[in-house]
Amino acid sequence: MSKRIIGRSQKDLINLANKNQTKYKNSEPYPHIIFKNFFNKEFLDEVLKEFPDLSKSKFSMKYANKNEVKFANNDKKNFKKNTKLLFQYLNSSKFLKFIKKISSIKEKILADQTLSGGGLHEIKKGGVLK
């Protein structure tokens, strides 16, 4: 699964995390890191092609309050193939171990299988996200 989703240079995520922990930790103004081509561009292009117009989808939720005016869908059964694969990968133990290692987080990191607050989100012209 991951060979197709992540870039060729990112095969060994734990090694990548070990090599970049200090860089992540010492970045300013807050801990962060940028990896060029972390994800496979062709795969992400496929995910982008699958992204639905959430304003027209019967599976979307519409948010309209002072903090957000947007559309969202967090029900994976309505996602297309590559979108599902991406969310599965981001919630995989392999990817979560990478995040934990590079960030030096001591606590257990839990996958969000229900995509509570996650999933697909779209903000149209005039939309709001505070």
query = Are Ile102 and Ile109 connected in the hydrophobic side-chain network, where two residues link if heavy atoms are under 4.5 Å apart?
reply = yes
inquiry  = Going by side chain to side chain donor-acceptor pair (under 3.5 Å), name the pairs with one or both residues in residues 55-64, residues two or more places apart or in two chains.
reply    = Asp53-Ser55
ask   = Taking it one step at a time, do Phe59 and Asp75 satisfy side chain to side chain contact (heavy atoms under 4.5 Å, CB included)?
value = CA-CA 8 Å; Phe59 304 112; Asp75 191 346; over 6 Å; no
key: Considering all heavy atoms, the nearest Leu54-Glu122 contact   = N-OE1, 2.7 Å
Step-by-step side chain to side chain contact (heavy atoms under 4.5 Å, CB included) determination, Leu120 to Phe71 = CA-CA 8 Å; Leu120 304 178; Phe71 298 92; over 6 Å; no
query = Can Ile6 be reached from Tyr24 by stepping across I, L, V, M, F, W or Y side chains whose heavy atoms are under 4.5 Å apart?
reply = yes
task = Verify the cluster assignment for Ile5 and Ile14: are they in a single hydrophobic cluster under the rule of side-chain heavy atoms below 4.5 Å apart?
result = no
Joint cluster assignment, Val47 & Leu85, ILVMFWY side-chain distance < 4.5 Å = yes
query = Has Asn15 got more than 12 heavy atoms of other residues, nucleotides or ligands less than 6.0 Å from its CG?
reply = yes
note = salt bridge (charged side-chain N to carboxylate O under 4.0 Å, His left out) pairs touching residues 99-119, sequence neighbours excluded, are none
ask   = At their closest point, which heavy atom of Asn82 faces which heavy atom of Phe43, and how far apart are they?
value = O-CZ, 3.3 Å
inquiry  = Could you see if Leu96 belongs to whatever hydrophobic cluster contains Leu86? Use Ile, Leu, Val, Met, Phe, Trp, Tyr and a side-chain cutoff under 4.5 Å.
reply    = yes
inquiry  = As a quick check of understanding, evaluate ring pair (Phe, Tyr, Trp, His ring centres under 6.0 Å) for Phe38 and Phe98, giving each step before the final call.
reply    = CA-CA 13 Å; Phe38 185 87; Phe98 165 72; 5.6 Å; yes
task = Measure from the side-chain N and O atoms of Ser27 to the backbone N and O of Tyr30, and report whether any donor-acceptor pair falls under 3.5 Å.
result = no
inquiry  = Please give me the minimum heavy-atom distance between Val128 and Asn67, naming the atom from each residue.
reply    = CG1-O, 3.8 Å
message = On a heavy-atom basis, which atom in Leu16 and which in Asn20 lie closest, and how many Å separate them?
response = O-ND2, 2.8 Å
query = Taking 4.0 angstrom as the limit, do Lys84 and Glu50 come out as a salt bridge?
reply = no
inquiry  = I need the Asn26 CG to Gln21 CD distance, nearest 0.5 Å.
reply    = 11.0 Å
ask   = Which salt bridge (charged side-chain N to carboxylate O under 4.0 Å, His left out) pairs, counting each pair once, include a residue from residues 23-38, with sequence neighbours left out?
value = none
inquiry  = Would Arg4 and Glu42 count as a side chain to side chain contact (heavy atoms under 4.5 Å, CB included) here? Give the steps.
reply    = CA-CA 9 Å; Arg4 185 168 169 240; Glu42 289 78 23; over 6 Å; no
query = So Tyr89 and Phe39, would you call those rings parallel, tilted or perpendicular, with 30° and 60° as cut-offs?
reply = perpendicular
key: Basic-acidic side-chain contact under 4.0 Å: Asp45, Lys49   = no
